[in-house]
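The block underneath contains the structure these notes are about, expressed in structure tokens.
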Amino acid sequence: MVAEEILDDPAMVVRQSVSELAQRTGTSMSTIVRLCQELGLRGFQDLKLRLAAEVSTTGFADPSESDDRESILSKVLSSTVDAISHTQHTLDKASFNQVSELLVNARSIIFLGAGASAAVAFDAAFRFRTLGHRAEFHYDSHMQLTAARFLRPGDVAVAISHSGSTRETLTALEAAASGGAHTVAVTTFARSPLAELADHVLLAGGTESEFRIAAVSSRLAHLAVVDALFVAAARLLPERARAAQELWSDMIAEHRLSPPWATRRDPAD
């Protein structure tokens, strides 16, 4: 019954929770989880990600050599929308809530990422700094490894990687885990080495394409997840967040030039 439902309407399954699918098929959540495991998957979230990739593939066409610029623009934007839309269905809400709590209560936070994912990690560290958290990111991989190795219980390491197989990121997250820190992965693939290593996994992104459009789109999806974690953390500690952001705003204001229109005189004066 469950397998038939999945084959008949995969798009609907992507939008459902495991409890909703169990109720819809008249089965139990444990039955669905066992089916996923029999298929060689990690669990229901892994199944949803695979189904989302299939649904995405049927609805999105890669840019081709014959495409004009307007078609390329349309397909790239569609890929980005697709990646973020599917993240709504593949990201485990319980894991998101757990990670939000960990970040709020963390003694210190380190964000890890290499290559293009480094930009997402840098942005994440900056945002959490504005909330008053001890958050850091280092572009140098050796510095990431060193900082991660000094983490202890109560600290959190968040690794961001599209492929989930970048050696430097994996090594740094392993170092963080060895010290007892909580480990989090923001990645696109449920069966990646990074997802296997982390305590908590936030799946976000889309499928690969010939021109690696989905890799770019996945990074935007990862940024969206970081934004959501940032807002969730701010809501959990509103007074602290408000005080920290007011302090940050005052500091930034001292380094901004007044906009031209603020001092422009009316010609009629």
Side-chain angles (χ1 to χ4, degrees), residues 45 84 87-88 90-114 117-139 143-162 164 166 169-188 190 192 194-205 218-249:
Q45 287 303 126
I84 295 177
T87 296
Q88 289 185 300
T90 58
L91 192 147
D92 184 71
K93 306 305 185 295
S95 294
F96 178 83
N97 290 335
Q98 291 170 356
V99 172
S100 299
E101 294 277 357
L102 286 175
L103 292 173
V104 165
N105 297 311
R107 186 182 65 175
S108 64
I109 309 167
I110 288 182
F111 291 92
L112 308 169
S117 292
V120 182
F122 173 82
D123 183 77
F126 169 74
R127 289 179 185 277
F128 276 86
R129 276 279 185 178
T130 67
L131 290 179
H133 289 276
R134 290 180 57 191
E136 62 181 296
F137 167 75
H138 304 280
Y139 271 101
M143 284 295 295
Q144 286 190 35
L145 179 59
T146 301
R149 188 62 186 86
F150 280 94
L151 294 181
R152 293 294 180 264
D155 298 327
V156 180
V158 182
I160 302 169
S161 172
H162 168 66
T166 303
T169 304
L170 287 168
T171 302
L173 196 66
E174 287 176 342
S178 70
H182 297 286
T183 57
V184 179
V186 179
T187 186
T188 308
S192 64
L194 189 67
E196 296 285 350
L197 176 63
D199 299 326
H200 305 275
V201 181
L202 301 179
L203 295 176
S218 292
R219 284 192 287 277
L220 294 176
H222 295 168
L223 275 170
V225 171
V226 167
D227 279 346
L229 289 171
F230 168 79
V231 173
R235 293 295 181 267
L236 287 169
L237 292 174
E239 294 301 323
R240 171 180 166 181
R242 188 176 299 110
Q245 293 216 300
E246 286 178 358
L247 179 64
W248 175 78
S249 296

May I ask you to decide if the ring planes of [X] and [Y] are parallel, tilted or perpendicular, using 30° and 60° as cut-offs?
X: Phe128; Y: Phe230; answer: perpendicular
X: His182; Y: His200; answer: tilted
X: Phe126; Y: Phe122; answer: parallel

At what distance, to the nearest 0.5 angstrom, does [atom1] of [X] lie from [atom2] of [Y]?
X: Leu91; Y: Ile84; atom1: CG; atom2: CD1; value: 12.5 Å
X: Ser95; Y: Leu102; atom1: OG; atom2: CG; value: 10.5 Å
X: Leu145; Y: Leu112; atom1: CG; atom2: CG; value: 9.5 Å
X: Ser117; Y: Leu223; atom1: OG; atom2: CG; value: 9.5 Å

State whether the side chain of [X] and the backbone N or O of [Y] hold a donor-acceptor pair below 3.5 Å, judged by distance alone.
X: Gln144; Y: Thr169; value: no
X: Ser100; Y: Ala233; value: no
X: Glu136; Y: Ile110; value: no
X: His162; Y: Thr188; value: no
X: Asp155; Y: Ala181; value: no

Above 12 or not: heavy atoms from other molecules or residues under 6.0 Å from CZ of Phe150?
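Counting neighbours around CZ of Phe150, 12 or fewer heavy atoms of other residues, nucleotides or ligands fall under 6.0 Å, so no.
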Could you tell me whether Arg152 atom CZ has more than 12 heavy atoms of other residues or ligands within 6.0 Å of it?
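Yes, because the 6.0 Å sphere around CZ of Arg152 holds more than 12 heavy atoms from other groups.
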How would you list, by chain and number, every residue that makes a ring-ring contact (aromatic ring centres under 6.0 Å, His included) with Phe96, sequence neighbours excluded?
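Per chain and number, Phe96 pairs via ring-ring contact (aromatic ring centres under 6.0 Å, His included) with no residue.
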